[in-house]
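As the structure is a prediction and not an experimental result, all values here were calculated from the model. Hydrogens, waters and symmetry mates play no part in the numbers below; they use all other heavy atoms, side chains included. Proteins come first, then strands; the chains are lettered A, B, ... in the order of their sequence lines, and each starts at number 1.
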Protein chains: 4
Amino acid sequence: MYIKLDPQSDFPIYSQLIHQLMEGILKGDLKEGDMLPSVRSLAADLGINMHTVNKSYHELEKRGIIQIVPKSGAVVRLQQAEKESEHYTRLVRELKPVLLEAMTLGMGKAEINSLVELLVKEYKEE
Amino acid sequence: MYIKLDPQSDFPIYSQLIHQLMEGILKGDLKEGDMLPSVRSLAADLGINMHTVNKSYHELEKRGIIQIVPKSGAVVRLQQAEKESEHYTRLVRELKPVLLEAMTLGMGKAEINSLVELLVKEYKEE
Amino acid sequence: MYIKLDPQSDFPIYSQLIHQLMEGILKGDLKEGDMLPSVRSLAADLGINMHTVNKSYHELEKRGIIQIVPKSGAVVRLQQAEKESEHYTRLVRELKPVLLEAMTLGMGKAEINSLVELLVKEYKEE
Amino acid sequence: MYIKLDPQSDFPIYSQLIHQLMEGILKGDLKEGDMLPSVRSLAADLGINMHTVNKSYHELEKRGIIQIVPKSGAVVRLQQAEKESEHYTRLVRELKPVLLEAMTLGMGKAEINSLVELLVKEYKEE
DNA sequence: GTGGTCTAGACCACT
DNA sequence: GTGGTCTAGACCACT
């Protein structure tokens with residue numbers, strides 16, 4: 001799996017890494033149950049600091065996407081966003097303000113739907 | 001227009017104010033071209049700090065929703081999210097990571113679409 | 001005794017196993033003096049790694065709930081939380097921060113008591 | 001407000017700091033709406049690293065106890081553990097295994113209740 | 001060899 | 001002056 005980080009980007013490195021790892025999971029490069037590389041080895045591979053990788057891993061754990069087993073490593077969790085889970089709740093809380101903003105900027109229901117579809121396709125068909 | 005702030009919310013006051021003002025615009029309480037109340041008077045009405053209102057106004061301007069005319073006041077802008085505009089670009093940039101997260105958490109295209117529809121309806125029919 | 005593990009839970013497998021074994025003891029499926037299944041056979045039955053079972057057993061031993069006799073097996077210990085024992089001390093150390101957090105989040109003495117009663121009942125009446 | 005850290009303790013410094021700050025809030029040294037000291041100044045006062053203070057603050061924010069406003073500071077949140085909140089859910093999840101362990105160690109309902117009351121009093125009457 | 005924790009020091013954007 | 005981010009390097013416990 002190829003990870004590309006841009007130190008010049010507006011997005012901090014740890015965000016970019018989160019993003020790339022989520023894409024890796026979506027594309028199937030990382031499957032459920034797979035071990036992620038250790039923070040140290042991934043940091044070395046990417047030429048960044050261990051702590052930066054660590055921050056990304058912990059953020060992904062907070063979002064329910066991976067599970068960190070101390071002293072052992074990190075594993076991709078079985079995914080299924082159950083409606084009652086805290087992760088689903090958080091997701092809705094993140095989605096709401098963005099949709100509100102879209103509507104305030106004048107986008108209609110249809111427009112928003114097609115934008116969402118477009119973006120979703122981007123990931124699925126990559 | 002009635003604005004309700006919850007000091008014990010997870011969201012900071014200025015976010016809540018942004019949210020409420022956007023809803024006001026959506027519902028038509030504030031129409032395009034309308035003047036917003038002055039920073040000072042709104043702060044007094046809501047019993048919050050002037051700087052907090054100021055922060056909300058500037059955030060709304062950055063998002064292309066209102067326009068601040070120095071020494072004069074703030075006006076609701078004509079809303080039209082043109083695909084080339086910076087506001088549309090920013091919106092897409094905000095939407096992308098949330099959708100990516102949804103998919104990584106195991107939500108499918110259909111599920112995401114129905115969630116988006118649900119949330120959009122919540123605002124439109126209020 | 002039936003053990004159910006959920007690989008997609010937020011809790012790691014070894015924690016779930018600890019939990020289930022403790023429930024088994026509470027319900028009386030496993031009585032004091034009973035032998036636990038061997039690490040190997042339980043791992044095979046549950047379709048999980050031997051090391052995972054091992055980790056659960058050692059954690060239960062550290063908590064004074066079972067006793068591991070090398071080369072022989074694991075036995076459910078006589079339960080009695082004496083106030084001077086290290087297990088009682090550890091328990092208090094685990095309980096304290098959770099109660100402190102509850103109070104800091106605004107829960108009163110009565111509320112905490114009723115919550116504790118509720119949760120205790122959940123196990124006893126299962 | 002006096003904060004005492006023990007570098008020799010089993011508990012990491014950031015945990016001790018979390019603990020002390022929660023006690024400070026409980027005792028009323030820090031009231032709702034109060035600003036916490038900046039990460040830098042508190043670190044300097046305590047003779048520890050900025051990052052350690054930072055970690056404590058973020059953990060307290062995750063638990064809903066304080067609110068961090070980037071570039072501005074951290075404030076004690078209005079506390080009230082609503083039953084629907086994610087913080088309440090987390091609390092219950094933390095409390096459950098400890099109670100289960102207590103019962104497995106042979107403590108009865110009455111014993112657990114009196115232990116909880118004892119510990120709660122310790123904080124309230126300090 | 002792993003993640004957990006801690007330190008010291010740096011540059012950044014924004015109030 | 002604030003928190004956000006990043007780096008480099010260290011010791012620890014436990015697998």
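One atom, CD of Glu59(B), and another, P of dC14(E), lie 10 Å apart when rounded to the nearest Å. Atom CD in Gln8(A) sits about 17 Å away from atom P in dT5(F), given to the nearest Å. In this structure, the CG atom of Asp10(A) is 14 Å from the C1' atom of dT5(F), given to the nearest Å. The nearest whole Å value for the distance from the OH atom in Tyr57(A) to the P atom in dT5(E) is 17 Å. Between Lys71(A) atom NZ and dG3(E) atom P the separation is 10 Å, expressed in whole Å. Regarding Leu36(A), its CG atom lies at a distance of 13 Å from the C1' atom of dG3(E), rounded to whole Å. Rounded to an integer number of Å, the gap from CG of Leu42(D) to P of dG3(F) is 10 Å.
The base of dG1(E) is not paired with the side chain of Arg40(A) by any donor and acceptor separated by under 3.5 Å.
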Side chain to side chain contact (heavy atoms under 4.5 Å, CB included) between Glu122(A) and Leu99(B), worked out: CA-CA 11 Å; Glu122(A) 222 172 272; Leu99(B) 293 180; over 6 Å; no
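You'll find the side chain of Arg90(A) stays beyond 4.5 Å of the side chain of Lys62(A), heavy atoms only. Residues Leu91(A) and Glu94(A) form a side-chain contact, since some pair of their non-hydrogen atoms from C-beta on lies under 4.5 Å apart. For the pair Val75(A) and Ile68(A), the minimum side-chain heavy-atom distance is 4.5 Å or more.
Looking at heavy-atom distances under 4.0 Å, His58(B) makes no contact with the nucleic acid at all. Using a 4.0 Å heavy-atom cutoff across all strands shown, Tyr14(D) reaches sugar-phosphate atoms only and no base atom.
Partners of Thr104(B) according to the side-chain contact (heavy atoms from CB on, under 4.5 Å) rule, which considers only residues two or more places apart in sequence or in another chain, are Met22(A), Ile25(A), Leu26(A), Ile65(A), Leu100(B).
Distances from the side chain of Pro12(D) to the nucleotides dC6(E), dG3(F), dT2(E) place dC6(E) closest.
A salt bridge is absent between Lys55(B) and Glu59(B): the closest approach of a Lys/Arg side-chain nitrogen to an acidic carboxylate oxygen does not fall below 4.0 angstrom.
What you find for Leu5(D) and Leu17(D) is that their closest heavy atoms are CD2-N, 3.9 Å. Listed here is the closest heavy atom pair of Leu42(D) and Tyr57(D): CD2-OH, 3.4 Å.
Residues Phe11(A) and Ser72(A) each lie close to DNA chain F; by heavy-atom proximity, the contact nearer the 5' end of the strand is made by Phe11(A). Nearer the 5' end of DNA chain E, as judged by each residue's closest nucleotide, is the contact made by Val69(A), out of Lys62(B) and Val69(A). In terms of position along DNA chain F, the nucleotide closest to Val39(D) lies nearer the 5' end than the nucleotide closest to the other residue of the pair Ser15(A) and Val39(D).
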DNA chain E in dot-bracket, Watson-Crick or G-U pairs under 3.5 Å, [ ] crossing, | other strand? ||||||||||||||.
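A heavy atom closer than 4.0 Å to some atom of DNA chain F occurs in Ile48(A), Asn49(A), His51(A), Thr52(A), Lys55(A), these being the qualifying members of residues 44-55 of chain A.
In this structure a side-chain-to-backbone donor-acceptor pair under 3.5 Å is missing from Thr52(D) to Tyr14(D).
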